[in-house]
Structures are given as structure tokens and as C-alpha cells.
Student: 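Structure incoming, see below.
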Amino acid sequence: MVPAQEKSVRHPARNTSSRDWRSAALGIGALAALGGAALLMRRRTRLDPRRKIRQSAAAMGGSILADSAMEHLRGGFHNPAMYAAPALATLSMLGTTGNARAARPVHAAAVAVGAAGLGFHAYNILKRPGGVSWNNLFYAAPIGAPGGLAVTGILGLADAARTRDHGRLLAGFIALATLAEVAEVALLHFRGAWHNPAMVLPVTVPPATAALLLGQALHPRTTTRPLARSALRLMGAMGVIGTGFHIYGVSRNMGGWGNWRQTAFAGPPVPAPSSFTALALAGDAALDLIGGTP
Amino acid sequence: MSGTFHRPYPAWNVLDKWDSPSFNDTTREVLRQRLEEVPGRRFFTADEWPTLVALCDAVLPQDDNPDPVPLANWIDAALFEGRGNGTRHADMPAPPDAWRLGLAALDAEAGARGAADFASLDREERGAVLRDVDAGRLRADWQGMPVRRFFRNLVLAEIVAIYYSHPTGQSEIGFGGPASPRGYVRLQPNRADSWEAPPGKWERT
Amino acid sequence: MMALQDPDPRAIDGHAPDVFSRDGTVPMRQFSDREEVDFAIVGTGCGGGVLAAKLAEAGFSVVAFDAGAFWWPLSDFASDERAQDKLYWLDPRISEGDDPLEFGQNNSGRSVGGSSVHFQMVALRFRPEWFRSRSLLGYAVDWPVDWREMWHYYDEVERACAISGPVTYPWGPKRHYPYRAHEVNAAGQVLARGAEALGVPWAPTPLATVSAPRGKSPPCVYRGMCKIGCSTNAKQSVLVTYIPRALDAGAEIRDLAMVGRIETDKGRATGVEYHRAGQWRFQRARNVVCAGYSIETPRLLLNSANARQPGGLANSSGTVGRYLMAHLNDAVWGVMDDEIRWYKGPPSMACCEHWNYIDDHPDKDFDGGYSFMSQGPLPTDFARMLVTNEGVFGTELRRQMALYNRMAGLKMVGETIPQADNRVTLADEIDDFGLRRARVTYSYCDNDRRMQRHARDFMARMLGAAGGRDLLETGSTAHLMGGCRMGNDPETSVTDSDGRTWDIPNLWVCDGSLMPTAGGVNPSMTIMANAARIADRITTLAAHGELDRAHG
């Protein structure tokens, strides 16, 4: 009458919970592993902080290049000015590899275009019906994104940093840039309804890191510096794991990566999380400068 | 009323996306049947058939379609299969009877205007008869059937349901066509994804 | 064109379709016909589906019947309007009256999951005052339910369906949607611009399709074919929400099982006669619940007439089939300068409930309220509306249809007044099962017509303000409500506030036919919330040993 049911191997009919705890646990585990490794890793080859800054600028530029190219392609480059962001990101990134002095105008241009981009994006939001509404903040041009290009340019210019005070200035700037990025992530992860519990990581780890970094900028105490450094490493690892999450997130859209022409654009932006890694690297360099590393 | 039809999307064909992620196997199979397995006449009689074809031509002229949608065949198929739509107005006969009665009455209307039958009228004249029918200016005996309901809710509704669910009709109006698993990304006005029809070429409006 | 043949029953041999797979199954408990189950539920849509899940989760033995098929959305649903007619109830209802209703794809599903399989996912709540519209607003009747109780259950079903809605909703008491609203498409922005020009609020429509992943449901891809069945499972229909829950909790779903008659003995329901896989069978049950919606529920009760109840079951008041309501669904369409391409995204992404919340306004010459939404009809849907309203044909028809990508529209959901003579009765003719078909009589009253006129004028002003030209008005109806209304008075209602019929203590109704009034919003969330409430009431009654007690 009632067919035998193997309770133990029962495959539930219902949808899984809207919170994807399994992938979250996997990701947090990966973060623990990677972050732990980063924390334990001895600094065997001490990099010159200026080289770190250059690498950070290059990483940031790469992230911004990929992100702005994708997002503006999604927007169909309907305004020719939309080419400026990926173009400047490319130039700024290249600028970090060559003659630092010659690249300065490029970095300065990136800062200027980034700042102008903020205006363009604000206009894009305002011109839609509803104006400054949640819907437009979620789906119109992302309000804070062009700031990333400006950060790239500033990191490119920060190549000239040498002194402890430069370090403090840079630490303060990275802390603020991190907080700005956190605000953007919070907005977009709120849009995603925090459907994956790991989505809270980039709005918890980076603010804590930024606070520690800001502390170093204001009161460069040696006692808390190792803690700040550890936080930066965790944030750097989080950028890598976040990229993994976003790749997985795209695959969860209908058609997965096989339908990439939709899903790579409609799903979570794959290039975005790595900007946290870039910021962490620059923060690390700032601590080096504060600590008086040559 | 007649005149030529201007196509805003002359180069657009939803079938060009057959192998893209806009189509899945389920949709391909449905459309393959629709395109390749056009049923022959099974419900209507050989006498009724020319009237039905003439009616379809008057409702949806397709001279400019290199491969016209076989509207009459699909109407016949729906009636043969007894496909319903969930509603029968109390004053209407069942669809098979309504169609038979209506086609005969159209021939009679043509006869009352001095023609042999509806199919022997030219397109202008067919249109004039249909406008009269829609307005209730009748000369033949429709046996009490509400003619406007017959014409609009049965004839017109069925013909457009066939035509605009066919890739030919969909392409003509710039509709995106099948869309699964891939849907759309650009939802803003005047923005189209690369797998949609390019911007339309509009006459004055 | 494919013949619309049903597949064979799929919920058999201890398994039912796993709706999140292309052709997989999940285990399903099954009951024999001889076993007297706690609840035999007729219908698995927004009423029966929700009830089946919650009663099974509460520990009752449940068999839920549906006349339609149990689909695998990922593999059964084509991107094709014509083929997807298979989701609708296509057997004819006889329609008459001054304003005869259209059924089929307009308002009647025939699938496990019911009409939610093809609904357009608009997830709005009643205005609180509507639950006491007679006492507070002076028209129609009060519900026998307090709005705060309903509010609690709206919350529950909105969570269960992960409704994607705005962070702040401009009308009525606060509500919090589990998922964020979708990006408002170009068609929705037309409404938004018009509303802003007229100075009335608008909102992104709360929708039952997810804007972010939800377990095995991917986010909506904006393919726009919601009305012909969601082939991605982004739509949170009853088929992918409550039906799987019901299966997990041990309910049996019997697909392609048409219930033709409820048997009674000594004033109590004893079970249902149903037709499945070519034969008539009888399922014994301690309780029978009608959840077939506003046409099939009255039809079943009327078709179950016997010597003791010759006017149909639970019909001592003569109310079964009466007070049927549809929503006014008039629309205004216009040509825009922009290419709107309204086929993208769910059809109604922006809404305006302005006239639902206005009581004293010199322009308001009608009782009740209406909302309206932006539109995105698929090609044949739009063409059908054009030809049935305008009678246009020939080259002119093709010319007007060629403007499809530049059209925008506003369409109302308007509350009609419940009238005793708008009703379901039985026709003399019989269907393929040998059951008498439903005959539905429907006419608008003067108030309905005044609202219709008001809404058309207002929507035309708004669409014009948004830049729409060559405006065209069309008329139609949507949704069904009432037909077996609940109430506090056995003389004027079919059931009490728990959905239990006044006449037969173990016979229940749980679907949209219970609704005493229609409200000016799409009914699915209200039907689901009411079903969730009834499930809890039944569980409470059972706990107190009151399930078998007759009405005082």
C-alpha cells in the first residue's frame, strides 16, 4: 500500500533553502585555508613597498579594466565616453610596468576620468524614473564604480611614496577606498538578498581591516600593526575566494557559463572581488612604509 | 485599407538563432513540427477549403512572404483535433459547426453580391464583405449566429494566434522569438541585446 | 501544431516528478483508495497546493487530486505560445450574460500547481480596509476574517514564494519582501514616467520570480514568457514551492485525476469519485476539500447533488456558484517614440495602486478600487486583443502589429461588486467524463462600468503624459473570485471563516471561490494566504478535537 521509503537516501523534493549554506561553508573553509596560509606565510622575500604599490595598481587596474569593459559592454557602449574607463584602466595598468615618471600623466588622467565617471553614473541614475531610488541604485550605472579607476590612478601616482608620512597617508587613503568599496558591495549584495551567507564576508572583513588601517594612519603604533597586517592578508585572500564565489554565482544562473553572453553580465561580476586583493596589497605596502622598511 | 506593408525589421529572422542558447531542444522540436509537418486538409470538405483559404488571405494577406504561413491547414488541424479554448458563448454553436456555418454564409454573402462564391471575389471585395459582416450588414442567412463574435473571436483570433506564434509572424514584428535558456540582459528603452532584432526602420508614424 | 494531448500520469509507483530536474523523480507516499485518508483535496493550485503542503506537514494524511498534468518545467515548457496552451483549462465553459467571461488562458489553469503555473506573478496584498468593506467603506460585504490575521499569512506565503519586491512599498501597511525588486524594464518605465508626470506614486511590482538565486531556482532571465509557463523555475509557482513541500511531508499528488463527484452518507462526505488512467475510482476520506477555483469548485458541488441535497452539496443557502467575480481588465495602449520591446522581462514590472487607497476624491464616482500595471503581452496575446476589440484585419492588421516593439500599455485590475446573479450553474451538455459542464452568467453592474470608465480615462491620461500616442482602449476581464463565499451567516454564505461548509462538517472549500469580495489587486497572494490560514485553523481545530463536530 505505502511503498517502502528509504528514509536515509531520501532526496528532498522541495527547493533547497534560499540561503546556500553549503557553498558558503565551502567558501568560508577555503578562505580559512587560504587566509591561514597567508597569515602563516613568512615574508621570505621582502618586496620593496613601492614595488608592492605598483603591483597593487596593476591588479586594481586589471580588475577595473575587466569590470568596466564588461559592464559597459552590457550597456552597449551607447555613450562613447564609456570607452574611456577601460581605456584608461589599460593605460594606467601598463603605466605601472614602465617608466614611473612618464606614466604620471596617464595615472592623473585615470583619476580625472574616474572622477568624471562618478558624475556620469550619477546622471545615469538620476535620469531614470524614480531618481535616487533603490531600484536605480541597484540597476542603473553603479554609483561608486568609477571611483575604482580613480583609485587605480592614485595608486599609480603613489609609486612616489617613500617616507613614513607617505605611508600613513596611503594607509588612510586605502582605508577610505576600502570603505567606499564596502558600501558598493553592501548595496549589491543587498540586491542579491544575501542569498549566500558568505556574501556578508566582504562587508565585515574589509571594514574591520579598514579600521585597523585607519588606526595605523592616525596612530602608527607597532603593537597593533601585526594585527592590521593579518587583517590585510585575510582581506587579500577574501578577494581571491570572492572571485571563486562569483564564478560559481554565474554558473548558478540559467544556462550557466554555456549561456555566458547573458549570465556573465547578469550574474555577479567576476572581476570585482579582486579589487579587495589589490587594496590589501597597497595597504600592506603602506604598513611597510610606516614601519620604516626601506 | 490595403496597400503595401512596410517591414520595420526586414533582415530579422528568429530562426537564425536556432543553434544559439535562445533555443532549447523542447522549443526546437515544437518548431520543427510546425515547420516540417504541416497537416493536410482533414476537417473541412473540398468545397469549403477554397472559401477558408480566401478568408485567411483576406484576414492576413501574405503576398510578400516568400514562404507563407499555411493558416488554413492549422485551422483545419485545430478543428480536427478538437482543440478548445475553454470558452463557448451560449449564443454560439460549437466551433466545428460555427466554422462550417460561417464559411457557407460567407459564400452566400458573396452570392448576394453577385459573385459565384467568396473565393471568386478579389481581395478588396473580400475585405468589403468582411467589414459588412463585422458591422452586421448581412444579406445572407447566418441562422442566428452572432456574426461579430464569429468573425472576431473565432476567425480573427484563431488566425492571429497561428500567424504570430509562427516564426514568420514573430520575425516580421521584431519579436525576440524563443528565449530559453537565454533571456535578455538589456531592459532599457532603445537598448537591445545582440541576439535581438537590430533597431527598427520606421516610416513616419 | 502539436495536438494538446496530456502525458500519462506521472505521479505513480511511489514517485512524482522532481520539478527541479528535466525528467527525474522524487519519492512519493501513496495511499490506496480503500484507505480513509484524513484529507482528499480537489485541486493543487494556490488554494489546494498550499493546504496540501501545510496539512501534510502538520501530520495529516493527504491525497491531492488535479485534473491536469504534473509538468517538468525544464523540459516540458517550450518558448511557444501555441504549444503552451496545454497549461490551460481548454474544455469549454458555457458563457453568457451581458458581459460574458472568457476562460481558458484568460483565467483557468489545468496543471498540478494550478493557475500559478501560468500566472504573471503579480504579488500584491489586499488593502486592509477591504476585509471590512461593508462596515468601513460602505459597499459589498465584510470578510469573516480580520485583516491583521491575513497580514500575518501574507508574510508567510510571501516568504514561501520568495517574493521579489521593493524595499519600501508606497501603499498600505509596511511589508518586507524577501528578495529585492527586479530592474524595471522599459515598459514599466513608461508607467513610471506617466505616474511622475501626474504626480501619483508608482512602484516596481512585487513579483513571484526570484531576482537572485534561490536554492535550485536560478534568478529570472527576463525571457518574458511567464504566462506560457516558466521554463527556468525562476517563477515561484505553487508547482515549485508548495507541491514539493507537500511531497516531502508525505502527501500524495494524483495528477490527471478528474474528480467528478463527492459522495456523502448521513450528512457527511465519505470520499471522492475520480477518473484517472481510463477508469473511475473512489477514494475514501475523512474530510474532502474543494480547491478547484471559482468555476470547478461550484461545479463539483453542484454535480454532487443527491437525493438529500438535490440542489447540490453545501447549498442549503442557494449560494453555491453565486457572487462570482472577475476583475475588470480594461487597458489603454499607445505608440511610443522609443523602442520599448515589452516582450522582455515579466509582463508587469511597474504598478500603481493609487486608486485603491483613495476614498474621498471628487473624481471618484465608484465604490471599490483598482490598480493598474505596465504591460508586456506576447505577440498572439496582443494580436488577439487587437482583433477582438477592434475587428482589424488585412494589411492594416499587419501594420498595427508591426508597431509591437514600440507599444506600451497600462492595464487595470479592477474590483467588481459581488452580485448574486453572477453565477456558476450546470449546463445540460456533458464533457468527455460524462460530467455536466459549467454554465457561467456574468454581467457588470453600474458601479463596475463607472470604475471601468474612470480607469480608462485615468490610464489614458497617464499614458499620454508618458508620451504615448494613437491611444487605443480595450476591454477584458481577468481572474476569478467568489462562487462559494465564506461568511458569518449560513443563510448568505457557503462556508464559515475556516472554509468549512455550513451544511456538511467534513466538507471544506479552500480556494479563490471563498473570497467574498474581489479587491483591486491580483488575487493569488490572497488565495494563498487564506489557504495558509485555513491550514492552521484546521490543525488547531483538530488539536482541540473539533474537526468532526458539526456547526452548532
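All chains are named by letter (A, B, ...) in the order of the sequence lines, taking the proteins before the strands, and each is independently numbered beginning at 1.
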Student: Examine B/F175 together with B/W12 and report whether their ring centres are nearer than 6.0 Å.
Tutor: no

Student: Chain B heavy atoms under 4.5 Å from C/E390: which part of the residue, side chain, backbone, both or neither?
Tutor: backbone

Student: Check each atom of C/V190 against the heavy atoms of chain B and say whether the ones under 4.5 Å are side chain, backbone, both or neither.
Tutor: neither

Student: Once rounded to the nearest 0.5 Å, what's the spacing between atom CD of C/Q189 and atom CE of C/M349?
Tutor: 10.0 Å

Student: C/Y88 versus chain B, heavy atoms under 4.5 Å apart: side chain, backbone, both or neither?
Tutor: neither

Student: Check each atom of B/A161 against the heavy atoms of chain C and say whether the ones under 4.5 Å are side chain, backbone, both or neither.
Tutor: both

Student: Just checking C/F382 against C/W333, ring centres under 6.0 Å apart?
Tutor: yes

Student: Is it true that C/F393 and B/F151 have ring centroids separated by less than 6.0 Å?
Tutor: yes

Student: Non-hydrogen atoms of chain B under 4.5 Å away: do they reach the side chain of C/D80, the backbone, both or neither?
Tutor: side chain

Student: Which atoms of C/D381 are under 4.5 Å from chain B, going by heavy atoms: the side chain, the backbone, both sets, or neither?
Tutor: neither

Student: Parallel, tilted or perpendicular: which describes the rings of C/Y222 and C/H182, with under 30° parallel and over 60° perpendicular?
Tutor: perpendicular

Student: Heavy atoms only, distances under 4.5 angstrom: which of B/T27, B/N190, B/V160 has the most pairs with chain C? Name it, please.
Tutor: B/N190

Student: Hey, do the aromatic rings of B/F150 and B/W142 have their centres closer than 6.0 Å?
Tutor: yes

Student: Where on C/L378 is there a heavy atom nearer than 4.5 Å to chain B: the side chain, the backbone, both, or neither?
Tutor: side chain

Student: Counting only heavy atoms closer than 4.5 Å, note whether C/T388 contacts chain B via side chain, backbone, both or neither.
Tutor: both

Student: Tell me whether the rings of B/W18 and B/F23 are parallel (<30°), tilted (30 to 60°) or perpendicular (>60°).
Tutor: tilted

